[in-house]
Structure formats: structure tokens, C-alpha cells
Amino acid sequence: MKGVVLMKFHKGRLKFVIPLSLGVAIASYIMLVNNYAEVGDRDRILIVIGATILTAIISYFLFPQEGDNPKDRGPY
């Protein structure tokens with residue numbers, strides 16, 4: 001597997017991922033309740049869960065950690 005770089009799981013990223021995901025979950029639920037009352041309860045919960053999971057995945061990969069890219073000498 002020459003040339004393939006696998007990312008390690010970093011617990012340090014969770015300090016960004018968890019609060020951001022909770023914020024998105026709360027904000028999306030409030031927006032759905034206030035602006036889209038016609039959306040059913042089950043669908044509302046599914047939308048909130050989907051937004052939360054998508055936010056967690058995207059933010060996990062967007063917040064770099066030291067050691068992700070050995071050639072990078074960025075400010076950590």
C-alpha cells in the first residue's frame with residue numbers, strides 16, 4: 001500500500017466535534033419547530049439526527065491534528 005496514508009483516530013478532535021454537533025442538533029431542532037411546524041415528529045427527529053451525524057463526520061476531518069500529514073509543519 002505504497003502512497004496510501006491512513007489517518008489515526010485522534011481523541012483531541014472530539015473536543016471540537018462533540019460541541020459542534022450538539023450545537024447543530026439544538027439549532028436544527030429549534031429551526032424545524034419554529035419555521036416548519038408541518039414536518040412530522042418522526043421526520044423532524046430523523047432530520048436532526050442526519051444533520052448531527054453529517055456535521056460530526058465533516059468536522060472530524062476538517063480539524064487537523066499534529067501527525068496527520070508528516071510533511072506539514074503547520075502551527076499546532
Side-chain angles (χ1 to χ4, degrees):
M1 295 183 85
K2 191 173 187 179
V4 176
V5 178
L6 299 176
M7 292 179 55
K8 295 182 202 175
F9 180 76
H10 294 284
K11 290 182 183 178
R13 290 184 184 184
L14 294 180
K15 65 182 176 182
F16 296 109
V17 172
I18 292 173
L20 189 62
S21 297
L22 286 175
V24 166
I26 293 168
S28 63
Y29 186 77
I30 290 171
M31 289 175 67
L32 284 170
V33 168
N34 291 336
N35 299 332
Y36 301 99
E38 65 273 4
V39 177
D41 290 337
R42 183 180 61 94
D43 295 332
R44 188 178 299 151
I45 296 299
L46 289 175
I47 291 170
V48 169
I49 290 171
T52 305
I53 292 172
L54 185 64
T55 301
I57 292 170
I58 290 173
S59 62
Y60 180 81
F61 289 110
L62 285 181
F63 288 112
Q65 291 290 314
E66 187 173 356
D68 280 349
N69 187 358
K71 297 177 185 175
D72 188 14
R73 306 272 188 233
Y76 296 111

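Numbers here simply count residues along the sequence, with the first being 1. Scope of the values below: all heavy atoms of this structure, side chains included, with no hydrogens, waters or symmetry mates.
Screening Ile58, Ile57, Thr52 against Leu54 for a side-chain contact (heavy atoms from CB on, under 4.5 Å) leaves a single residue, Ile58.
Contact between Ser28 and Ala25 at its shortest, heavy atoms only, is OG-O, 3.1 Å.
In terms of hydrophobic clustering, with Ile, Leu, Val, Met, Phe, Trp and Tyr side chains grouped at heavy-atom distances under 4.5 Å, Tyr36 and Ile30 are assigned to different clusters. In this structure, Leu32 is a member of the same hydrophobic cluster as Ile49, with clusters built from ILVMFWY side-chain heavy atoms closer than 4.5 Å. Follow the hydrophobic side-chain contacts under 4.5 Å out from Met31 and you never reach Leu46; the two are in separate clusters.
Residues satisfying the side-chain hydrogen bond (donor to acceptor under 3.5 Å, both in side chains) test with Asp41, not counting sequence neighbours, are Arg44. The side-chain contact (heavy atoms from CB on, under 4.5 Å) test applied to Val24 returns Ala51, Thr55, not counting sequence neighbours.
Tyr29 has its side chain within reach of Ile45: a pair of non-hydrogen atoms, C-beta onward, lies under 4.5 Å apart.
The line from CD1 of Ile47 to CZ of Arg42 is 10.5 Å long, rounded to the nearest 0.5 Å.
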